[in-house]
Amino acid sequence: MAIATALVEAPLVAAAPMSYWRTVAWRLARDQATLVAGGVLAVIVLSAVLAPWLAPYDPAAGSIRLRLAPVGAPGHVLGTDEQGRDMLSRLLWGGRMTLVAGLTPVLVAFVVGAALGVMAGYVGGITNTLIMRTMDIFYAFPAVLLAIAISGALGAGITNSIVSLTIVFIPPIVRVSESVTTSVRTLDFVDAARASGAGPITIMRVHVLGNVLGPIFVYSTSLISVCMILASGLSFLGLGTKPPEPEWGLMLNTLRTAIYANPWVAALPGAMIFIVSICFNLLSDGMRSAMDVRS
């Protein structure tokens with residue numbers, strides 16, 4: 001009886017609030033669309049990485065006798081292309097090139113754009129004017145035309161395609177970085193760090209960057225799907241990956257003449273581009289919602 005009374009009279013201990021990142025993880029774990037999109041992306045990325053072991057055939061080996069075999073053909077579950085090459089093998093190997101061309105420009109643009117944007121937003125003055133007006137020059141051209149122009153000037157190839165797309169995606173990331181940094185630099189903790197004698201580099205690296213990196217990262221992830229589509233478009237136009245390397249955009253280009261003879265096989269690279277782009281969009285939307293503490 002005494003124990004029961006003590007338990008009733010004991011004050012309730014409030015549960016410790018979760019940290020910001022634990023809250024983000026908790027929200028992501030309950031977002032079914034984000035989990036499904038992340039799972040599909042994980043399978044596709046893992047399949048591309050393991051392509052040398054998963055691909056049943058050499059992606060460059062063809063046979064005129066087996067050209068344009070339909071989906072479900074014996075020995076070729078996804079059929080063959082216009083040169084008799086196994087489509088499953090080429091899709092697995094092509095995923096490597098497409099993912100590299102879609103992820104690398106955004107990753108490099110994220111690093112460069114975040115650094116330039118934080119510098120422009122915090123320092124302000126002539127530094128802000130020089131950086132932001134330079135970025136505005138690139139905004140005078142549509143992203144697609146700018147990517148085509150730069151790739152055409154540099155020449156065809158996966159490396160030049162990555163360089164051109166990196167240049168295209170730096171300006172929007174710089175603009176977002178500068179905007180969020182401008183709103184953070186006037187907060188109390190930045191003024192306190194400045195009053196304590198911390199230098200500009202230390203303040204930007206320790207105090208500002210940690211508070212603006214989340215929004216910049218979420219915005220950058222939303223550009224991955226666009227980058228993949230642009231990279232595939234450059235390959236489709238002959239400005240990206242060179243034949244006979246398997247890449248989904250290049251595969252679309254080579255299979256477009258066979259769309260009336262075997263539409264299902266011809267549509268497979270486009271379907272993969274669509275699936276990966278949608279999954280990246282869903283993942284980006286889920287991260288944005290999870291990281292919005294006001295929602």
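Just so it is clear, the model here is predicted, and its values are computed rather than measured. The basis for the numbers below is simple: all heavy atoms, side chains too, and nothing from hydrogens, waters or symmetry mates.
Between Phe110 atom CZ and Ile224 atom CD1 the span is 10.5 Å, to the nearest 0.5 Å. Atom CG in Asp86 sits 12.0 Å away from atom OG in Ser63 (nearest 0.5 Å). In this structure, the separation between CZ on Phe274 and OG on Ser225 is 11.0 Å, given to the nearest 0.5 Å. Here the straight-line distance linking atom CG of Asp285 with atom OG1 of Thr221 works out to 8.5 Å at 0.5 Å rounding. A distance of 12.0 Å separates OG1 of Thr80 from CG of Leu88, quoted to the nearest 0.5 Å. Interatomic distance, CG of Asn253 versus CZ of Phe236, reported as 5.0 Å (0.5 Å rounding).
Around atom CD1 of Ile278, more than 12 heavy atoms belonging to other residues, nucleotides or ligands sit under 6.0 Å away.
Qualifying side-chain hydrogen bond (donor to acceptor under 3.5 Å, both in side chains) partners for Asn262, counting only residues two or more places apart in sequence or in other chains: none. Residues forming a side-chain contact (heavy atoms from CB on, under 4.5 Å) with Pro246 (at least two apart in sequence, or on another chain): Pro59, Arg90, Trp93. Residues meeting the side-chain hydrogen bond (donor to acceptor under 3.5 Å, both in side chains) test with Thr104, sequence neighbours left out: none. Here Ser235 pairs with Thr241, Glu247, Leu250 under the side-chain contact (heavy atoms from CB on, under 4.5 Å) rule; sequence neighbours left out. When the side-chain contact (heavy atoms from CB on, under 4.5 Å) test is applied to Thr127, the partners found at least two apart in sequence or on another chain are Met119, Val123, Ile131. In this structure, Asn160 has no side-chain hydrogen bond (donor to acceptor under 3.5 Å, both in side chains) partners at least two apart in sequence or on a different chain. Applying the side-chain contact (heavy atoms from CB on, under 4.5 Å) rule to Thr182 yields the partners Glu178, Arg185; only residues at least two apart in sequence or on another chain are considered. Applying the side-chain hydrogen bond (donor to acceptor under 3.5 Å, both in side chains) criterion to Asn211, with sequence neighbours excluded, gives no partner residue.
Judged by distance alone, with hydrogens and angles left aside, the side-chain atoms of Ser222 form no donor-acceptor pair with the main-chain N or O of Ser284 at under 3.5 Å. Looking at Thr254, its side chain does come within 3.5 Å of a backbone N or O of Met251 through a donor-acceptor pair. For the pair Ser177 (side chain) and Ile173 (backbone), a donor-acceptor distance under 3.5 Å is present. Between the Arg96 side chain and the Leu92 main chain, no donor and acceptor come within less than 3.5 Å of each other. Thr98 contributes no side-chain N or O that, together with a main-chain N or O of Gly95, makes up a donor-acceptor pair within less than 3.5 Å.
The minimum heavy-atom distance linking Val106 with Cys227 is given by the pair CG2-CB, 3.7 Å. Residues Ala261 and Pro263 approach most closely at C-CD, 3.9 Å, considering heavy atoms. Closest non-hydrogen pair, Pro269 versus Ala266, comes out as CD-O, 3.6 Å. For Ser89 against Tyr57, the heavy-atom pair with the smallest separation is OG-N, 3.0 Å. When all heavy atoms are compared, the tightest approach of Val265 to Gly79 is CG2-CA, 4.4 Å. Of all the heavy atoms in Thr181 and Tyr122, the pair that sits closest is CG2-N, 3.6 Å.
Under the 4.5 Å side-chain heavy-atom criterion for ILVMFWY residues, a single connected hydrophobic cluster contains both Leu252 and Ile275. No path of Ile, Leu, Val, Met, Phe, Trp and Tyr side chains, each step under 4.5 Å between heavy atoms, connects Leu99 with Leu107, placing them in separate hydrophobic clusters. A chain of hydrophobic side-chain contacts below 4.5 Å, direct or via other Ile, Leu, Val, Met, Phe, Trp or Tyr residues, connects Leu78 to Trp53. Tracing side-chain contacts under 4.5 Å through hydrophobic residues (I, L, V, M, F, W, Y), one never reaches Leu255 starting from Tyr260; they form parts of separate clusters. No continuous path of hydrophobic side-chain contacts links Ile273 to Ile259 [ILVMFWY only; heavy atoms under 4.5 Å].
Inter-residue side-chain proximity for Val226 and Phe169 is flagged as met; some heavy-atom pair is nearer than 4.5 Å. You'll find the side chain of Phe280 reaches within 4.5 Å of the side chain of Leu103, heavy atoms only. Using a 4.5 Å heavy-atom threshold, the side chains of Leu234 and Leu165 count as touching.
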Can you give the donor-acceptor pairs under 3.5 Å from side chains of residues 65-74 to other protein atoms, not counting sequence neighbours?
| residue | atom | partner | partner atom | Å |
| --- | --- | --- | --- | --- |
| Arg67 | NE | Glu82 | O | 3.0 |
| Arg67 | NH2 | Glu82 | O | 3.4 |

Please list every donor-acceptor pair under 3.5 Å in which a side-chain atom of residues 140-154 meets a protein atom from a residue at least two apart or in another chain.
| residue | atom | partner | partner atom | Å |
| --- | --- | --- | --- | --- |
| Ser151 | OG | Ala147 | O | 3.0 |
| Ser151 | OG | Ser164 | OG | 2.8 |

Solution key, residues 33-49 side-chain donor-acceptor pairs under 3.5 Å, sequence neighbours excluded:
| residue | atom | partner | partner atom | Å |
| --- | --- | --- | --- | --- |
| Thr34 | OG1 | Asp31 | OD1 | 3.4 |
| Thr34 | OG1 | Asp31 | OD2 | 2.9 |
| Ser47 | OG | Val43 | O | 2.7 |

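Looking at Val174, Ile170, Thr166 one by one, the single match for side-chain contact (heavy atoms from CB on, under 4.5 Å) with Val112 turns out to be Ile170.
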Leu91 and Trp248: CA distance, side-chain angles, deciding distance, side chain to side chain contact (heavy atoms under 4.5 Å, CB included) verdict: CA-CA 7 Å; Leu91 287 173; Trp248 294 343; 3.8 Å; yes
Ile229 vs Ser277, side chain to side chain contact (heavy atoms under 4.5 Å, CB included): CA-CA, chis, key distance, verdict: CA-CA 8 Å; Ile229 294 174; Ser277 299; 3.6 Å; yes
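A cation-pi arrangement, defined by a distance under 6.0 Å to the six-membered ring centre and an angle within 45 degrees of its axis, is present between Arg175 and Tyr139.
If you chain together ILVMFWY residues whose side-chain heavy atoms come under 4.5 Å of each other, Ile158 ends up grouped with Met97, Val100, Ile162.
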